[in-house]
Amino acid sequence: MKLLVTGGAGFIGSAVIRHTIQNTTDEVVNLDKLTYAGNLESLAEVSDSERYNFEQVDICNRAEVDRVFAQHQPDAIMHLAAESHVDRSIDRPAEFIETNIVGTYTLLEATRHYWQAMDANRRENFRFHHISTDEVYGDLPHPADFHPSPLAEEGQGEMGQQELPMFTETTPYAPSSPYSASKASSDHLVRAWHRTYGLPVLVTNCSNNYGSYHFPEKLIPLIILNALEGKPLPVYGKGDQIRDWLYVDDHARALYKVITEGTPGETYNIGGHNEKQNIEVVHTICDILQELRPQKRSYRDLITNVKDRPGHDMRYAIDASKIQEELGWAPKETFETGIRKTVQWYLNNLDWCQRVQDGSYQRERLGVG
Ligand code: NAD
């Protein structure tokens, strides 16, 4: 298979490309604009491979996307290119509308014309896989809102998860931020191109990812790097917002399974079965750092509560039983094993962190509204 990956220089896209080159015989074309979030160094492990190609192209540029299709003749497309940071979408929503909505539309139209011109056999096997987020579903009630709280029940697990509602593939869309609204919009476009034109699409909606090569604006790398520099560890509001965390390499395996084995027209939710309050995540990172880079003062002393994000969703939780039952995928990492690997990776790759931040971003607070 020749796989075209958009956004392949980003956090998840680079994990998908590393996974594909290292574990299959497929060829990969990485189509990426290289915004502040895209970094070719994240592909250093595989970029020498003869099966890897890079095209610096904006998905909004139809002529250039057409040229890449004509030149490389892909068998399948995984679409990950996007503006992805909620806080930035609060400050500058226009870029999210442009890339996530107009860019997806442009890519869909280019794909449709390319696919319609294929011979019957290749056309039959062609796939367009759109990668989306659980944030399109809006937020779920917090355990603290339940009376009596499931947290008080014995034998219900740490968060009382069995008792609480979760996102399934049929949960209605109710996005809260400019980011999630732009992703929801792109999901609707992709499904419409399937229904109207018959384009063989797959959609996946995934929970929060974490792992190596994550740009330091996102919670986990930001906390690790600030802690190492003795800087305040900003926690939005009370830090009681709940997210489900998935290790990025588990997501990459899931995406490859969906594009090769999934049924066109279907949606698959992907999650890690790891619901944690943000403050728990920060405490865990502090405790691992205390073990790996001990210091007299506890890293937890650096925690600083700051004004909450406007429109902040309280809880996300993914029911990933469909992909597990139909495609046999399950995450390999628990949060405890994945977060330890992640902290260790950042400790070993501080030079990467320095280089990707240079000039563009100094871990300042974004998205105060
Ligand atoms: P990222 O911000 O790390 O990477 C995005 C990549 O897209 C970058 O390499 C960037 O250069 C590229 N890009 C941006 N605009 C482009 C354009 N106009 N043309 C071509 N390339 C462009 O994002 P990520 O965290 O890797 O997320 C990838 C996808 O997965 C996104 O669609 C995101 O919505 C989705 N997603 C992310 C998460 C998460 O936790 N990070 C969870 C679920 C879904």
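Numbering of ligands and ligand atoms starts at 1, following listing order. We count residues from 1, following the sequence as given. Computed from a predicted model, the values in this text were never measured in an experiment.
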* Asked: What's the shortest distance from atom 37 (C) of ligand 1 to any protein heavy atom, and which residue and atom give it?
  -> Ile12 CD1, 3.4 Å
* **contact_flag Val57 ligand 1 heavy-atom lt 4.0 Å** => yes
* To do: Evaluate side-chain hydrogen bond (donor to acceptor under 3.5 Å, both in side chains) for Arg88 paired with Tyr36, printing each intermediate quantity in order.
  => CA-CA 12 Å; Arg88 287 183 193 264; Tyr36 79 93; 3.0 Å; yes
* Asked: Is ligand 1 less than 4.0 angstrom away from at least one heavy atom of Tyr210?
  -> no
* Tell me, which protein residue and heavy-atom name are nearest atom 25 (O) of ligand 1, and how many Å apart are they? -> Phe11 CD2, 3.8 Å
* Asked: Can Arg293 and Glu229 be counted as an ion pair, charged N to O under 4.0 angstrom?
  -> no
* Shortest heavy-atom approach to atom 40 (O) of ligand 1 - which of Thr104, Ile220, Val5, Asn209 -> Asn209
* What's the shortest distance from atom 23 (O) of ligand 1 to any protein heavy atom, and which residue and atom give it? -> Ser84 OG, 3.3 Å
* Asked: Considering only protein heavy atoms, which is closest to atom 15 (N) of ligand 1, and at what distance to one decimal place?
  -> Thr99 CG2, 3.5 Å
* Salt-bridge test for Glu83 and Arg92: reply yes if a basic N is under 4.0 Å from a carboxylate O, no otherwise. => no
* Proximity flag Ser207 to ligand 1, non-hydrogen atoms under 4.0 Å -> yes
* Please identify each residue that fulfils side chain to side chain contact (heavy atoms under 4.5 Å, CB included) with Asp240, with sequence neighbours left out. => His142, Lys238, Gln277, Met314
* Check each of Ala82, Gly271, Gly103 against atom 5 (C) of ligand 1 and report the one with the nearest heavy atom. => Ala82
* Got a sec, which residues hit side chain to side chain contact (heavy atoms under 4.5 Å, CB included) with Asn53, two or more places apart in sequence or on another chain? -> Val29, His72
